[in-house]
Asker: 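Dropping a structure here in structure tokens format, bear with me for questions.
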Number of protein chains: 2
Amino acid sequence: MAEPPDRRTSEIDEAIMRATYRALHEHGYAGLTMQRIADEYGKSTAAIHYHYDTKEELLAAFLDFLLERFREAVHEVETTDPERRLRLLLDQLIVEPGDHHGLLVAMLEMRSQAPYNETFRERFQQNDEYIRYLLETVIGHGIEEGVFADVDPEHTARTLLTVVDGARTRAVVLDEQTALETARAAVEEYVDTVVLAD
Amino acid sequence: MAEPPDRRTSEIDEAIMRATYRALHEHGYAGLTMQRIADEYGKSTAAIHYHYDTKEELLAAFLDFLLERFREAVHEVETTDPERRLRLLLDQLIVEPGDHHGLLVAMLEMRSQAPYNETFRERFQQNDEYIRYLLETVIGHGIEEGVFADVDPEHTARTLLTVVDGARTRAVVLDEQTALETARAAVEEYVDTVVLAD
DNA sequence: CCCTTTTGACTGACTAGTCAGTAAATACGA
DNA sequence: TCGTATTTACTGACTAGTCAGTCAAAAGGG
């Protein structure tokens with residue numbers, strides 16, 4: 001029956017995170033003001049400043065919130081069969097546009113701020129390393145089990161992530177459905193010809 | 001000897017474009033203010049407003065200036081031998097970081113604003129189409145001459161551009177030299193295995 | 001003298017962040 | 001269990017600063 005002592009507090013934090021998400025989704029990163037977050041939250045800006053001293057602190061917390069959700073989603077891929085696992089992971093990375101397109105846009109904006117914001121940079125680097133590690137591991141397993149060609153797992157993972165990031169960037173900048181389809185096809189070709197080849 | 005009537009004016013325009021370039025390079029797109037451009041220009045902000053009514057107008061002109069320079073640089077590749085031409089074009093697209101890194105950063109920032117700025121979006125789309133057309137043409141020639149495999153030129157060009165854009169994004173976000181090296185290797189592999197295969 | 005160009009002073013809109021005060025919930029003491 | 005502190009969560013008014021853009025006046029060359 002013992003409830004964590006900060007149960008109410010963390011509910012508030014979560015509500016602010018969700019408000020930030022909606023404000024970001026609607027107005028983009030450049031248009032993300034404390035006022036807009038407060039509007040989504042349904043309280044005053046001072047209320048948010050009560051929980052987070054600065055905007056920077058709030059955004060750091062928000063990025064943690066967001067990337068953790070992302071990693072949880074990727075983590076749900078449970079197959080151990082290397083080829084199937086690799087394809088499923090890559091499918092997870094190349095998400096459908098639809099509802100998530102606004103977030104894809106906002107994420108690229110935030111990523112483009114990495115050079116000016118150490119907090120952002122650290123978190124994006126850490127997240128990328130995590131995903132790359134997952135890919136390297138599954139590629140390594142595939143090679144051990146003899147179903148994948150003897151490629152360099154690190155280089156192969158980096159190449160696949162480059163294609164994924166390129167597709168995301170192009171989907172945002174060029175507003176093209178095609179970008180993600182191209183990536184899906186390219187990744188499939190790459191898996192077929194480079195990884196499975198022999 | 002007839003000089004265009006707006007010779008002085010266009011010299012001023014060019015000076016403002018160069019000032020904008022330096023300001024963008026130094027402060028990034030989010031930190032690009034009229035004051036900073038004026039500082040680089042060595043005149044007051046009102047002086048810039050005399051030549052460009054709004055900041056948006058100035059940035060539209062600047063993007064034209066920038067993309068035209070970019071296309072000129074790519075246009076200098078004159079070889080007609082398909083394989084050599086394709087490799088040289090791709091080398092041009094994956095530029096060295098060094099001096100240009102600040103610009104690469106600013107360009108990603110500007111590209112990430114495309115969803116909110118029709119002017120930007122149009123120009124980036126147009127530029128992308130131009131580059132893609134160059135790639136499609138050279139791939140088409142290669143196929144005709146029998147040196148390239150019978151791939152789909154459009155799909156191949158899109159895939160190559162996806163890798164290039166992914167590399168650029170990763171170089172900015174992750175601050176990695178590796179990103180561009182990975183792209184160079186990936187593009188080479190792709191050209192070797194997919195395009196030249198038979 | 002006129003026309004282009006430039007300046008300095010200004011405006012209004014918007015920004016993050018501060019602060020005193022308030023109301024309700026919670027803890028504590030007798 | 002009743003009354004008194006204390007804490008949590010918040011509001012509304014405010015500050016100080018930044019931004020793009022305006023405008024009357026002035027500089028300066030032809």
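In what follows, chains are A, B, ... by sequence order, proteins preceding strands, each numbered from 1.
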Asker: Take the protein atom CG of L32(A) and the nucleotide atom P of dA16(C), then report the distance between them rounded to whole Å.
Answerer: 8 Å

Asker: Would E154(B) and Y133(B) count as having a side-chain donor-acceptor pair, cut-off 3.5 Å?
Answerer: no

Asker: Can you tell me how far C1' of dT18(D) sits from NE2 of H27(B), to the nearest Å?
Answerer: 15 Å

Asker: Whole Å only: how far is the CD1 atom of I48(A) from the P atom of dT15(C)?
Answerer: 13 Å

Asker: Give me the atom names and distance for the closest heavy-atom approach of T169(B) to L108(A).
Answerer: CG2-CD1, 4.3 Å

Asker: To the nearest Å, give me how far apart CD (Q35(A)) and P (dG17(C)) are.
Answerer: 13 Å

Asker: Let me know the distance between CD1 of I12(A) and P of dA25(C), rounded to the nearest Å.
Answerer: 13 Å

Asker: Can you check the K55(A) NZ to dT18(C) P distance for me, whole Å?
Answerer: 15 Å

Asker: Quick one: is dT6(C) close enough that its OP1 or OP2 comes under 4.0 Å of any side-chain N or O from H51(B)?
Answerer: yes

Asker: Look at the side-chain N and O atoms of Y52(B) and state whether any lies under 4.0 Å from the OP1 or OP2 oxygen of dG21(D).
Answerer: no

Asker: For H27(B), is there any backbone N or O sitting under 3.5 Å from a side-chain donor or acceptor partner on R36(B)?
Answerer: no

Asker: Checking the side chain of R22(B) only, and the main-chain atoms of E40(B) only, is there a donor and an acceptor separated by less than 3.5 Å?
Answerer: yes

Asker: What contact category does S44(B) fall into here, base, sugar-phosphate, or nothing, at under 4.0 angstrom with non-hydrogen atoms?
Answerer: base

Asker: Could you work out which one of dA20(D), dT15(C), dT7(C) sits closest to the side chain of M34(B)?
Answerer: dA20(D)

Asker: Looking at the side chain of A46(B), which of dT22(D), dT11(D), dT6(C) is the nearest nucleotide?
Answerer: dT22(D)

Asker: By nearest atom, which of the nucleotides dT6(C), dT11(D), dG17(C) is closest to the K43(A) side chain?
Answerer: dT11(D)

Asker: Does the cation-pi check pass for R111(A) over F120(A), that is, NZ or CZ under 6.0 Å from the six-membered ring centre and within 45° of its axis?
Answerer: no

Asker: From NE2 of H49(A) over to P of dT8(D), roughly how many Å is that when rounded to an integer?
Answerer: 20 Å

Asker: Which residue, R36(A) or D53(A), contacts DNA chain C at a nucleotide closer to its 5' end, judged by nearest heavy atom?
Answerer: R36(A)

Asker: For a quick check of understanding: with a heavy-atom distance under 4.0 Å over all strands, which category does T54(A) fall into, base, sugar-phosphate or nothing?
Answerer: sugar-phosphate

Asker: May I ask you to verify if any side-chain N or O of Y50(A) is less than 4.0 angstrom from the OP1 or OP2 atom of dC10(D)?
Answerer: no

